[in-house]
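Quick note on labels: first sequence line is chain A, next is B, and so on, each numbered from 1. Because the structure is predicted, anything quoted here is derived from the model rather than measured.
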Number of protein chains: 2
Amino acid sequence: MQKIMLAHGGGGQEMNDLINGLIFKTFNNEILSQNNDSAILNLSGKLAFSTDSFVVSPIKFAGGDIGKIAVCGTVNDLAMVGAKPKYLSCALIIEEGLDIAELKEILESIKSSADIARVSIVCGDTKVVSKGSCDKIFINTSGVGQIIKEAKVENLKIGAKILLSGDVGRHGAVILASRNELRLQSDLQSDCKPLNSVIEALFKAGIEPFSMRDATRGGLSAVLNEWAKACGYDIKINEENIAVSDEVMGICEMLGFEPYELANEGTFVLAIDPKDEIKALEILREFDSNANTIGEILDSNKGNVIIQNSYGASRFMEPPKGELLPRIC
Amino acid sequence: MQKIMLAHGGGGQEMNDLINGLIFKTFNNEILSQNNDSAILNLSGKLAFSTDSFVVSPIKFAGGDIGKIAVCGTVNDLAMVGAKPKYLSCALIIEEGLDIAELKEILESIKSSADIARVSIVCGDTKVVSKGSCDKIFINTSGVGQIIKEAKVENLKIGAKILLSGDVGRHGAVILASRNELRLQSDLQSDCKPLNSVIEALFKAGIEPFSMRDATRGGLSAVLNEWAKACGYDIKINEENIAVSDEVMGICEMLGFEPYELANEGTFVLAIDPKDEIKALEILREFDSNANTIGEILDSNKGNVIIQNSYGASRFMEPPKGELLPRIC
């Protein structure tokens, strides 16, 4: 089996062979193949620009791999500000000794995820580090998108309804389970997926969310606490409206985690005008039947997140703290 | 001394403290501080988009560090296609245990290099991996720029003069020397610097290079061979016109390297119309007195690089091959 050698990152013949023979061939598009120092794009107006490095371990997990998550992560960051994702970069840091077959699989996963999200990989970079200097492969994707209807934290306002696009905690639980050799008899899959289609559907229906955020590291809890802090108002959440699968709940109970703090990679939170609530829910549920309204922004300015359970008892949903779960994405 | 912990990458309170207290404060600009999932930019027309991951070892070297090279590398990739670099992203992969003081120094180097290059860091990402899963710190920068006058490989043509903006091999030689504990009594410094100012000066003088490329991994030899292969014509180079410092020559002779294959991080090759040669040289020399015309594109289509020494003897300058020098950038 062919392996990645240091020479594949040296800037010489071997690197050219890898780039032309494998990477350009897999990503296959005109802009990339021009092989200039930068990609040339035609875009205008307000643009969104985002970056994420991915170090997820293991690199393959139920429902995805590091290639898929690298595309979805950046596509979703662009979509969350109300942009149509258009172009991605892809920078690889590869550990010497990685099987080229494994790299090929990852590149194909990047390509098929990019196709689903309707984005092109237009520029890239390949570095190889000696054995032991990184763990298999790290991927950075950065992205550029065209703003359709800008959504931002500053738009949060009193009375806004808080909607959640699906059940929470699946990505985090899958990674947890894979690390702890639980060998669960479970079909649990990461929620890893691009979110630009559902957001385009909302826009098409005339719905302009005040703010959106995908609940990645730190989970639902991190998003809500950041929002409450940013706008300065309290956010009230009804716990019984947050969907959590039995498998996720089971893993959380077994390992002492909080499902609201587990990472998601294809689930997002929206703050919208109450008049749009019913229509928005209808659209969200076309993509995920677990979508629900989970709360609202209150007219009280302490900047807390208050969660009420089905018996009517309230507590604060604290911002996550400590060593949640390293290398989740 | 405070150290980076896994919790600094977990998405919780510690990560927020690091990002708000150190990173945002250092990079300090309005777009970044909005803290949305993507930066919102106002740009239009033809844009350049580029990415590079930096894994240079050691992270500090004579004339620069991983922060400076991370900014210069992407700024230069944008400048090489004829763009004015505008916005950069900055994604950090940090090894658990890195001194926060050392991180602070790197962030300050990124900021001061960005100031010199007149670009802003508008979005970022921070990941922490456990001790042993990466080597201190890896940095990805991606960048967006506005095309002023597009330069590309396709523009190369017969008769074009090949100019070189300075002496070659300094960055590679500095890294080599630092790894081999040569402890040379030398003032040799990496050429690491942003090139956008010199290119803007060329544009201001009405000079539109056909093509430009900074001679990074694989050095001058890689650029010339890529060009010869891309345009299909032979390129003839006069060896005596290529500036190489005595220190670089000494290190190459000692360690068996070829100066034309050593990486540069602030030296570039231009192909220009012969009518612009004198004016272009005048401008290049305002920035670096070692700039020179080193050759031309011939009317013969074998796609080779032919180098002629001062005695009139010719040989092929072969494309670099093998394990040049890992983790040079």
Side-chain angles (χ1 to χ4, degrees), chain A residues 6-7 9-13 34-53 55 77-78 80-81 83 87 89 91 93 122-125 127-130 133-135 138 140 142 144 147 150 152-153 213 216-218 222 319-327, chain B residues 6-7 9-14 34-53 55 77-78 80-81 83 87 89 91 93 122-125 127-130 133-135 138 140 142 144 147 150 152-153 213 216-218 222 319-324 326-327:
Chain A
L6 287 173
Q13 195 56 51
Q34 286 176 4
N35 197 11
N36 285 307
D37 276 343
S38 299
I40 309 297
L41 314 176
N42 275 301
L43 280 169
S44 60
K46 270 196 175 175
L47 303 180
F49 177 37
S50 187
T51 191
D52 255 326
S53 284
V55 298
D77 277 347
L78 295 170
M80 288 303 119
V81 296
Y87 301 108
S89 63
I93 300 174
V122 293
C123 55
D125 178 50
K127 295 277 154 53
V128 179
V129 297
S130 59
S133 295
C134 90
D135 187 11
F138 297 155
N140 177 282
S142 300
V144 178
I147 294 283
E150 194 175 341
K152 50 185 179 180
V153 174
R213 189 154 285 188
T216 56
R217 277 183 292 177
K321 222 180 153 173
E323 268 182 39
L324 299 162
L325 187 58
R327 299 186 58 188
Chain B
L6 286 174
Q13 196 56 51
E14 295 84 352
Q34 286 176 5
N35 197 11
N36 285 307
D37 277 342
S38 299
I40 310 296
L41 313 176
N42 275 300
L43 280 169
S44 59
K46 269 195 176 177
L47 303 180
F49 177 38
S50 187
T51 191
D52 256 326
S53 285
V55 298
D77 277 347
L78 295 170
M80 288 304 119
V81 296
Y87 302 108
S89 63
I93 299 174
V122 294
C123 55
D125 178 50
K127 295 277 153 56
V128 179
V129 297
S130 59
S133 294
C134 90
D135 187 10
F138 297 154
N140 177 282
S142 300
V144 178
I147 294 284
E150 193 176 340
K152 51 185 179 180
V153 175
R213 188 153 285 187
T216 56
R217 277 182 291 178
K321 221 180 154 174
E323 267 183 40
L324 300 160
R327 298 186 60 187

### Message
To check you understand the geometry: which heavy-atom pair defines the closest contact between Phe49(B) and Tyr87(A), and what is its length?
### Response
CE2-O, 4.0 Å

### Task
Enter the distance from Leu47(B):CG to Leu41(A):CG here, rounded to the nearest 0.5 Å.
6.0 Å

### Summary
Comparing Thr216(B), Val128(B), Asp52(B) against chain A, the one with the most heavy-atom pairs below 4.5 Å turns out to be Asp52(B)

### Query
Which residue out of Gln13(B), Lys46(B), Lys127(B), Gln34(B) racks up the most heavy-atom pairs below 4.5 Å with chain A?
Lys127(B)

### Query
What heavy-atom pair brings Ala91(B) and Thr51(A) nearest, and what distance separates the two atoms?
CB-OG1, 4.0 Å

### Task
Report the option among Val122(A), Leu43(A), Asp135(A) that has the most heavy-atom pairs separated by less than 4.5 Å from atoms of chain B.
Leu43(A)

### Message
So which residue, Ser133(A), Ala83(A), Ala222(A), ends up with the most heavy-atom pairs under 4.5 Å with chain B?
### Response
Ser133(A)

## Note on the structure
Turns out that what part of Ala48(A) lies under 4.5 Å from chain B's heavy atoms comes down to both

### Task
Identify the two heavy atoms, one from Asn35(A) and one from Arg213(B), that lie closest to each other, and give their separation to 0.1 Å.
O-NH2, 2.8 Å

### Message
Nearest 0.5 angstrom please: Leu6(B) CG to Arg327(A) CZ, how far?
### Response
10.0 Å

### Task
Give, as side chain, backbone, both or neither, the part of Ile40(A) having an atom under 4.5 angstrom from any heavy atom of chain B.
both

#### Entry: Toward chain A, the part of Ala39(B) with a non-hydrogen atom under 4.5 Å
both

### Task
Would you give the length of the straight line joining atom CG of Asp125(A) to atom CG of Asp77(B), rounded to the nearest 0.5 angstrom?
8.0 Å

### Task
Quick one: closest heavy-atom pair of Arg217(B) and Gly10(A), and the distance?
CB-O, 3.7 Å

### Task
Hey, can you tell me if Phe138(B) and Phe138(A) have their rings parallel, tilted or perpendicular (30° and 60° cut-offs)?
tilted

### Message
Within this structure, what is the OG-CG distance for the pair Ser53(B) and Asn140(A), rounded to the nearest 0.5 Å?
### Response
5.5 Å

### Task
Return the minimal non-hydrogen interatomic distance between Asn36(B) and Val153(A), and the atom names on each side.
OD1-N, 3.2 Å

## Note on the structure
Distance col, row Leu78(B):CG vs Ser38(A):OG, nearest 0.5 angstrom, shows 4.5 Å

